[in-house]
Amino acid sequence: MTVRTRVAPSPSGDPHVGTAYVALFNLAFAKSQGGRFVLRIEDTDRARSSEASEERILAALRWAGIEWDEGPDVGGPHAPYRQSERLPIYRRHAQELLEAGGAFRCFCSEERIDALRPSQLERGQMPGYDGHCLGLDPDDAAERAASGEPHVVRLRVPVEGACSVQDRLRGVIETPWRQVNMQVLLKRDGFPTYHLAAAVDDHLMGITHVLRGDEWLSSMPKAQLIHECFGWELPEHAHLPLLRDAQRRKLSKRRNPTGLDYFRAAGYLPEALLNYLALMGWSMPDERELFSLEELIAAFDLDRVSTGGPVFDMEKLNWLNGQHMRRLSPAAFVERVERWGINRERLGRLAPLVQPRAERLSDVVPLADYLLGERAALKADAFAHKALSTEDCRRILHHALRALQSEAQWESAALMASMKPLAAAMELKLRDFLFPLFVAIAGRAAALPLFDSMAFLGADLTRARLRSALDALGGVSNKAAKRLDAEFDALPLAGRSAAPAS
RNA sequence: GUCCCCUUCGUCUAGAGGCCUAGGACACUGGGUUUUCAUCCCAGUAACAGGGGUUCGACUCCCCUAGGGGACGCCA
């Protein structure tokens with residue numbers, strides 16, 4: 001039996017370093033076993049998925065050096081690899097489950113189920129579906145469904161006893177069935193949820209090993225139950241530890257640079273990133289820390305994966321990146337620098353900004369230093385201003401970050417269009433409002449035009465610099481963040497998309 | 001709130017009952033090499049969460065406690 005693994009990103013946001021992390025382990029394991037690695041797109045959430053996000057995720061994974069044998073863009077024997085193109089398959093399987101009694105139709109409103117919550121919590125129960133439609137006669141239910149009554153299909157979960165699942169890294173895990181929700185498998189809109197789609201696809205695509213994030217561990221009983229109902233063999237599961245931030249929380253986009261685009265823009269070598277990621281929860285048998293993807297594959301051993309959640313440490317990544325840089329030949333080094341960003345294309349984009357301000361050719365680099373490379377480190381006194389207090393600067397940076405969080409169109413005019421109303425809503429002169437942003441982005445109050453600079457840097461680098469500026473100003477405590485979030489939410493900003501604080 | 005998972009230096013980790021006086025790496029400190037800096041080399045500080053068992057012997061096995069994390073969605 002040839003080993004087949006998969007990574008299954010959901011195209012609903014920026015390419016995340018966690019996706020590359022899970023992909024890397026799946027790739028390394030499959031290749032170490034002479035197997036195949038599949039990329040599948042899980043776009044069953046119609047509201048959140050987008051083609052643009054899918055494209056960016058594939059491009060970012062490719063940049064990182066992750067290659068897949070089968071996928072939506074390269075095809076393969078189990079196509080299509082995009083779940084939105086496999087809808088009939090899921091419907092057929094849901095029907096099969098219904099007929100076998102492994103699932104049932106549920107006509108409850110979402111409101112009714114939400115209303116259950118408080119009393120369940122009070123009784124010390126896990127909140128969830130109460131089995132209201134469990135007793136419906138299947139034929140009656142089918143008839144109601146046929147007549148067009150809106151409903152969902154739910155997984156029939158035993159109410160008594162315990163479920164026993166096996167994780168490759170942790171052994172046997174027992175969970176009371178009471179803790180397992182009667183998961184919706186087919187939504188009201190006819191789309192499958194993750195649980196159905198993943199189980200069906202893993203089986204149909206011949207996936208033998210599922211390596212995925214820790215956060216899935218508690219839903220393993222559902223996967224097992226679904227496989228059992230179909231009479232399928234469950235792939236072997238190994239739950240990888242979750243990458244943490246310095247506060248030991250799941251790496252969050254809000255506070256840390258987590259986008260693959262950030263690492264690319266910030267000048268990390270993909271082979272160094274992969275090398276670093278491999279060190280998170282895994283180690284070479286000989287404890288060597290500097291290695292290539294090929295070496296990783298050659299030495300990979302699933303049983304050497306550790307289970308504690310590792311903290312992502314930029315300092316060590318920086319060191320590793322330096323090690324990889326120094327191993328490049330001078331020619332390769334130049335080639336990498338050029339490919340990264342000091343090239344004709346990027347200089348061309350700089351020309352309209354720099355040309356009007358330069359008197360000599362040698363002015364180019366000092367004018368654009370912060371766009372071509374990392375800006376200078378900041379201290380709090382860089383934000384001294386005649387009209388703005390430190391607190392004002394903090395507020396501006398925080399609110400700008402919030403407003404930019406959901407900025408879809410990352411180009412100069414659009415950025416201007418979202419920042420200008422923010423300044424107005426904060427009752428600040430644009431000139432004053434812009435000051436801390438200039439310092440955060442350029443490291444100084446006078447620089448090339450701000451929004452052009454932000455556009456040139458890209459979203460990830462821009463956000464990272466704003467965050468780092470906030471840190472230079474003493475950081476924002478959790479309490480202060482809450483207050484600032486509330487302030488931001490109360491601002492009279494017309495037509496903004498309601499981006500949640502987290 | 002309920003359930004599940006996790007717990008070795010500040011951080012990433014080695015360690016599968018005696019190789020442990022707990023090893024390596026990042027960071028930090030000191031020293032050396034280098035025209036400066038960086039690199040590089042050498043040295044140092046620093047950990048088995050706590051408590052009970054089991055055993056001749058426990059970082060390693062079991063139990064309890066504590067701490068951390070995760071799940072509990074018609075998101076994935």
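As the structure is a prediction and not an experimental result, all values here were calculated from the model. Below, read A as the first sequence line, B as the second, and so on, with proteins coming before strands; counting in each chain starts at 1.
A residue-by-residue look at Asp45(A) and Leu169(A) shows that Leu169(A) has its nearest nucleotide of RNA chain B further toward the 5' end. Both Arg248(A) and Thr193(A) lie close to RNA chain B; mapped to their nearest nucleotides by heavy-atom distance, the more 5′-ward contact belongs to Arg248(A).
Here the side chain of Arg336(A) pairs no donor or acceptor atom with the backbone of Met325(A) at under 3.5 angstrom. Using a distance-only test at 3.5 Å, with no hydrogens or angles considered, no donor-acceptor pair links the side chain of Tyr90(A) to the main chain of Leu185(A).
Within residues 312-329 of chain A, the residues having any heavy atom under 4.0 Å from RNA chain B are, by residue number, Asp313(A), Glu315(A), Lys316(A), Trp319(A), Gln323(A), Arg326(A). Shown for residues 282-291 of chain A: residues whose heavy atoms fall under 4.0 angstrom of RNA chain B, namely Ser283(A), Glu287(A), Glu289(A).
For the atom pair Arg156(A) CZ and Cys229(A) SG, the distance stands at 9.5 Å (nearest 0.5 Å).
Minimum atom distance to the side chain of Val311(A) is reached by U11(B), of the listed C3(B), C74(B), U11(B).
Note on Thr44(A): only backbone sugar-phosphate atoms sit closer than 4.0 angstrom, heavy atoms only; bases stay farther off. Contact annotation for Arg304(A): backbone-only contact, meaning every heavy-atom pair under 4.0 Å involves sugar-phosphate atoms and none involves a base. Contacts of Pro310(A) with the nucleic acid, taken as non-hydrogen atoms under 4.0 Å apart, involve only primed sugar atoms and P, OP1 or OP2.
Between Lys222(A) and C4(B), a side-chain N or O to OP1/OP2 separation shorter than 4.0 Å is absent.
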